[in-house]
Novice: 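Take a look at this one; I'll ask things after.
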Amino acid sequence: MGKRQAGKAWRRLAGALLVLVPLAFPAIAEAASARVPRNLGQTTATMVSAAQAHPAGTIVIKSDERTLDLVLSGNSALRYRIGVGRDGFRWTGVVRIGRKAEWPDWRPPAEMKARSPELPELVPAGPFNPMGARGLYLYRGGADTLYRIHGTNEQSTVGEFASSGCFRMSNADVIDLYNRVKLGATVVVK
């Protein structure tokens, strides 16, 4: 059997296993199904007056208040509730949206792997990924900061000091923000 035929045979077998395993092990399939989020979480967006004049499209994050404002005009913004970095992981500065991704993969940074060696090298896109439904990648000077504005499947962390420096939103909120924000948008973190 050649490599091509072996590859096709393996794909057929793998496909059959995906169908048969849930039938053979219903308790495992049910347990896995229970972990898959069935909704995108709460929508927290509210219209507020913008305290400072920033151009429309600017994101202003206030870590102490755990809010993210998307400036719509000189004096109005859409405010979302967010989770922010826990003690020792909060930061400030001005960055830009350098990349956007739907259902992104997650690769724990080296510093995080050093703190938690049990973390995998890669968590593929999907409902078990800690990046949730969307990821907005924060860049400074053309370089990836490794910080993100992203969704989460752990809705209880939204509004808390819970991350390693990223900004977490409900999946419903991050999808809304993702659709409104352009690449290159300025993000002011206070």
Side-chain angles (χ1 to χ4, degrees), residues 40-41 43-45 50-74 76-86 88-116 119-154 157-190:
L40 297 174
T43 300
T44 66
Q52 293 182 316
H54 290 286
T58 301
I59 294 172
V60 179
I61 293 174
K62 296 178 185 170
S63 292
D64 287 345
E65 297 176 22
R66 297 174 310 284
T67 60
L68 180 152
D69 291 357
L70 173 62
V71 178
L72 302 176
S73 68
S76 67
L78 199 53
R79 177 167 289 166
Y80 303 91
R81 198 85 177 122
I82 61 172
V84 300
R86 59 190 181 273
F89 290 93
R90 286 188 288 284
W91 57 277
T92 60
V94 178
V95 293
R96 295 198 178 274
I97 303 293
R99 181 175 169 236
K100 296 169 57 173
E102 296 183 17
W103 292 104
D105 289 339
W106 180 61
R107 296 178 191 283
E111 297 83 11
M112 190 177 284
K113 292 268 306 163
R115 289 190 307 270
S116 302
L119 289 172
E121 292 298 319
L122 169 73
V123 179
F128 300 113
N129 186 303
M131 293 272 289
R134 302 291 183 272
L136 301 168
Y137 295 65
L138 304 179
Y139 281 61
R140 181 179 289 123
D144 188 351
T145 64
L146 302 180
Y147 293 117
R148 316 282 186 248
I149 298 169
H150 62 82
T152 183
N153 297 316
E154 295 181 77
T157 64
V158 175
E160 300 297 325
F161 297 99
S163 78
S164 293
C166 288
F167 304 102
R168 296 179 182 179
M169 304 176 77
S170 74
N171 283 323
D173 281 347
V174 81
I175 289 170
D176 183 61
L177 181 67
Y178 180 96
N179 291 332
R180 294 173 185 270
V181 172
K182 295 183 181 349
L183 279 176
T186 300
V187 179
V188 179
V189 181
K190 300 178 176 186

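Just so you know, these numbers use all the heavy atoms, side chains as well, and skip hydrogens, waters and symmetry mates.
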Novice: How close do Gly132 and Pro104 get, heavy atom to heavy atom, and via which atoms?
Specialist: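 Taking every non-hydrogen atom into account, O-CD, 3.6 Å.
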Novice: Pair Cys166, Phe89 - check side chain to side chain contact (heavy atoms under 4.5 Å, CB included), show working.
Specialist: CA-CA 9 Å; Cys166 288; Phe89 290 93; over 6 Å; no
Novice: Hey, what's the ring geometry for Trp91 with Tyr147, parallel, tilted or perpendicular (30° and 60° as the breaks)?
Specialist: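 Aromatic pair Trp91/Tyr147 classed parallel.
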Novice: Do the non-hydrogen side-chain atoms of Pro108 and Glu121 ever get within less than 4.5 Å of each other?
Specialist: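 Not touching, per the 4.5 Å side-chain cut-off.
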Novice: To check you understand the geometry: which heavy-atom pair defines the closest contact between Val71 and Ala77, and what is its length?
Specialist: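 Answer, listing the atom of Val71 first, then Ala77: CA-CB, 4.0 Å.
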Novice: Treating Ser116 as the side-chain partner and Lys113 as the backbone partner, does any N or O pair qualify as donor plus acceptor under 3.5 Å?
Specialist: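 Between the backbone of Lys113 and the side chain of Ser116 there is no qualifying donor-acceptor contact (under 3.5 Å).
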Novice: Treating Asp173 as the side-chain partner and Tyr80 as the backbone partner, does any N or O pair qualify as donor plus acceptor under 3.5 Å?
Specialist: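 Not at all, since once roles are kept as given, no pair shorter than 3.5 Å links the two residues.
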Novice: Taking the side chain as everything from C-beta on, heavy atoms only, tell me whether Phe167 gets closer than 4.5 Å to Ser63.
Specialist: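 In short, these two side chains touch, coming nearer than 4.5 Å.
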Novice: Taking the side chain as every heavy atom from C-beta outward, state whether Leu68 and Val60 have any atom pair closer than 4.5 Å.
Specialist: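 They are not in side-chain contact.
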Novice: If we only count heavy atoms from C-beta on, is the Leu119 to Met112 side-chain gap below 4.5 Å?
Specialist: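 The answer is yes; the side chains approach within 4.5 Å.
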Novice: Has Arg168 got a side-chain atom pairing as donor or acceptor with Gly83's backbone, closer than 3.5 angstrom?
Specialist: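 Not confirmed, Arg168 side chain does not pair with Gly83 backbone.
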Novice: Applying salt bridge (Lys or Arg N to Asp or Glu O under 4.0 Å), name anything that partners Arg86, two or more places apart in sequence or on another chain.
Specialist: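 Not a single residue meets the salt bridge (Lys or Arg N to Asp or Glu O under 4.0 Å) criterion with Arg86.
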Novice: Between the side chain of Thr43 and the main-chain N/O of Ala45, is any donor-acceptor distance below 3.5 Å?
Specialist: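 Not confirmed, Thr43 side chain does not pair with Ala45 backbone.
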Novice: Measure the spacing between CZ of Arg66 and CD of Glu160 and express it to the nearest 0.5 Å.
Specialist: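 One finds 6.5 Å between CZ of Arg66 and CD of Glu160.
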Novice: Show every donor-acceptor pair shorter than 3.5 Å between a side-chain atom in residues 178-190 and any protein atom, with sequence neighbours excluded, or say none if there are none.
Specialist:
unit_1	atom_1	unit_2	atom_2	d
Asn179	ND2	Ile175	O	3.2
Arg180	NE	Asp176	OD1	3.2
Arg180	NE	Asp176	OD2	3.0
Thr186	OG1	Arg96	NH1	2.6
Lys190	NZ	Gln52	OE1	2.3

Novice: For the CZ atom of Arg107 and the CG atom of Leu122, what is their distance to the nearest 0.5 Å?
Specialist: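 So the CZ of Arg107 and the CG of Leu122 are separated by 4.5 Å.
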Novice: Do Arg140 and Thr145 have side-chain N/O donor and acceptor atoms under 3.5 Å apart?
Specialist: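 No, no side-chain donor-acceptor pair sits under 3.5 Å.
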Novice: Where the side chain of Asn153 meets the backbone of Pro130, is there a donor-acceptor pair that is under 3.5 Å apart?
Specialist: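 Absent.
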Novice: Taking Gly88's backbone N and O only, do any of them form a donor-acceptor pair with Arg90's side chain (distance below 3.5 Å, no angle check)?
Specialist: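 The answer is no, because no donor-acceptor pair under 3.5 Å joins these two groups.
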Novice: Tell me if a side-chain donor or acceptor on Asp144 pairs with a main-chain N or O of Tyr139 at a distance below 3.5 Å.
Specialist: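 No.
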Novice: Do Met131 and Trp103 have side chains that get closer than 4.5 Å, going by heavy atoms?
Specialist: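 A side-chain contact is absent here, since even the closest heavy-atom pair is not under 4.5 Å.
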Novice: Short question: side chain of Ser163, backbone of Gly85 - any donor-acceptor pair under 3.5 Å?
Specialist: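 Side chain of Ser163 to backbone of Gly85: a pair is present.
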Novice: Got a second to check how far Leu70's CG is from His54's NE2, nearest 0.5 Å?
Specialist: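 Going from the CG atom of Leu70 to the NE2 atom of His54 covers 12.0 Å.
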Novice: Just wondering, do Leu177 and Met169 contact through their side chains at under 4.5 Å, heavy atoms?
Specialist: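 Counting from C-beta outward, Met169 and Leu177 do come under 4.5 Å.
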Novice: So, the side chain of Thr44 versus the backbone of Arg81: is there a donor-acceptor pair under 3.5 Å, distance only?
Specialist: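 Yes, because the side chain of Thr44 sits within donor-acceptor range (under 3.5 Å) of the backbone of Arg81.
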Novice: Could you give me the CA-CA distance, side-chain angles and deciding distance for Asp69 and Ile59, then say whether side chain to side chain contact (heavy atoms under 4.5 Å, CB included) is met?
Specialist: CA-CA 6 Å; Asp69 291 357; Ile59 294 172; over 6 Å; no
Novice: Which residues pass the salt bridge (Lys or Arg N to Asp or Glu O under 4.0 Å) test with Asp105, not counting sequence neighbours?
Specialist: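 For Asp105, no residue satisfies salt bridge (Lys or Arg N to Asp or Glu O under 4.0 Å) once neighbours in sequence are set aside.
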Novice: With distance as the sole test, does Asn129 use its side chain to make a donor-acceptor pair with the main-chain N or O of Val123 at under 3.5 Å?
Specialist: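 Looks like yes, one N/O pair under 3.5 Å.
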